[in-house]
Student: 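Pasting in a structure now, in structure tokens, and then I'll have a few things to ask.
Numbering of residues begins at 1 and proceeds along the displayed sequence. No experiment lies behind these values; they were computed from the predicted model shown.
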Amino acid sequence: ALTLFTMFEEHINKYPKNISKAVIEFAKQWRKDKYLRRLEALLGVMNLNESFILSGSGEVIRPDDGLIGIGSGGGYAIAAARALLLHSSLDAPSIAEVSIKLASDICVYTNDHISVEVIKSEK
């Protein structure tokens, strides 16, 4: 997974003001990579305005409401995030962390050992 973040960082630094372009170019690279395209993984990325889910098969998904959830507990995490957005003043990384921890209390397949990566692009 660290390789994916490193690859994505290269693209976000190349297109710092256009996350959509960075996401699409990253998805192309991931899909074309001989080894990584076989990786059954999903990657969620977002900035202040847009959110995306990317897969090794080249899929780029942009949700309507900007909230993303991945895996068996993803629906629970999205529900928790929606509630936290409406009823708390938490920042986005904190909402992500709390939502996943709440989902892990409900879904036995959701891990409660998480890390939230915040990548700051060069201006």
Student: With sequence neighbours left out, write down each residue that passes ring pair (Phe, Tyr, Trp, His ring centres under 6.0 Å) with Y76, or none if nothing qualifies.
Tutor: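 Expected list: none.
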Student: Each residue besides Y35 in its hydrophobic cluster should be listed here, by chain and number; the cluster joins Ile, Leu, Val, Met, Phe, Trp and Tyr at side-chain heavy-atom distances under 4.5 Å.
Tutor: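 Hydrophobic cluster check, Y35: no partners found.
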Student: Enumerate, atom names and distances included, each donor-acceptor pair closer than 3.5 Å involving a side-chain atom of residues 96-107, sequence neighbours excluded.
Tutor:
unit_1	atom_1	unit_2	atom_2	d
S99	OG	A81	N	3.2
S99	OG	I95	O	2.7
S104	OG	K101	O	2.7

Student: Hey, does the side chain of W30 reach the backbone of L36 with a donor-acceptor pair shorter than 3.5 angstrom?
Tutor: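 A pair under 3.5 Å: yes.
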Student: Which atom names give the shortest non-hydrogen contact between S94 and D91, and what distance separates them?
Tutor: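 Smallest heavy-atom distance, with atoms named: OG-OD1, 2.5 Å.
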Student: Suppose we screen for side-chain hydrogen bond (donor to acceptor under 3.5 Å, both in side chains). Which residues come up paired with S88, at least two apart in sequence or across chains?
Tutor: none
Student: Does S72 have any side-chain hydrogen bond (donor to acceptor under 3.5 Å, both in side chains) partners at least two apart in sequence or in another chain, and if so, which?
Tutor: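 Expected list: none.
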Student: With a cutoff of under 4.5 Å between side-chain heavy atoms, which Ile, Leu, Val, Met, Phe, Trp and Tyr residues group with M46?
Tutor: L42, I53, I61, I68, I70
Student: If we only count heavy atoms from C-beta on, is the V45 to F26 side-chain gap below 4.5 Å?
Tutor: no
Student: Apart from I24 itself, what residues make up its hydrophobic cluster, given side-chain heavy atom links below 4.5 Å?
Tutor: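 Once heavy-atom contacts under 4.5 Å are chained together, I24 still belongs with nothing else.
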Student: May I have all residue pairs that pass side chain to side chain donor-acceptor pair (under 3.5 Å) and include part of residues 48-57, sequence neighbours excluded?
Tutor: S20-E50, E50-R62, S55-S57, S55-E59
Student: Please enumerate all residues that pass side-chain hydrogen bond (donor to acceptor under 3.5 Å, both in side chains) together with D64, with sequence neighbours excluded.
Tutor: none
Student: What distance do L39 atom CG and L4 atom CG have between them, rounded to the nearest 0.5 Å?
Tutor: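 The CG atom of L39 sits 6.0 Å away from the CG atom of L4.
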Student: Of all heavy-atom pairs between G69 and I78, which one has the smallest distance, and what is that distance?
Tutor: N-CD1, 3.4 Å
Student: Give, for atom CD of Q29 and atom CD of E10, the distance between the pair rounded to the nearest 0.5 Å.
Tutor: 6.5 Å
Student: Hey, what do you get for CG (L48) to CD1 (I19), rounding to the nearest 0.5 Å?
Tutor: 9.5 Å
Student: Residues two or more places apart in sequence or in another chain: which of them pass ring pair (Phe, Tyr, Trp, His ring centres under 6.0 Å) with F52?
Tutor: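 For F52, no residue satisfies ring pair (Phe, Tyr, Trp, His ring centres under 6.0 Å) once neighbours in sequence are set aside.
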Student: Per the salt bridge (Lys or Arg N to Asp or Glu O under 4.0 Å) rule, what does the pair list look like for residues 27-49, sequence neighbours excluded?
Tutor: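 Every salt bridge (Lys or Arg N to Asp or Glu O under 4.0 Å) pair that includes a residue of residues 27-49, provided the two are not neighbours, is E25-K28.
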Student: Starting at CG of L85, measure out to CG of L90 and round the result to the nearest 0.5 Å.
Tutor: 9.0 Å
Student: Just to verify, what does R82 make a side-chain hydrogen bond (donor to acceptor under 3.5 Å, both in side chains) with, not counting sequence neighbours?
Tutor: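 Only D65 meet the side-chain hydrogen bond (donor to acceptor under 3.5 Å, both in side chains) criterion with R82.
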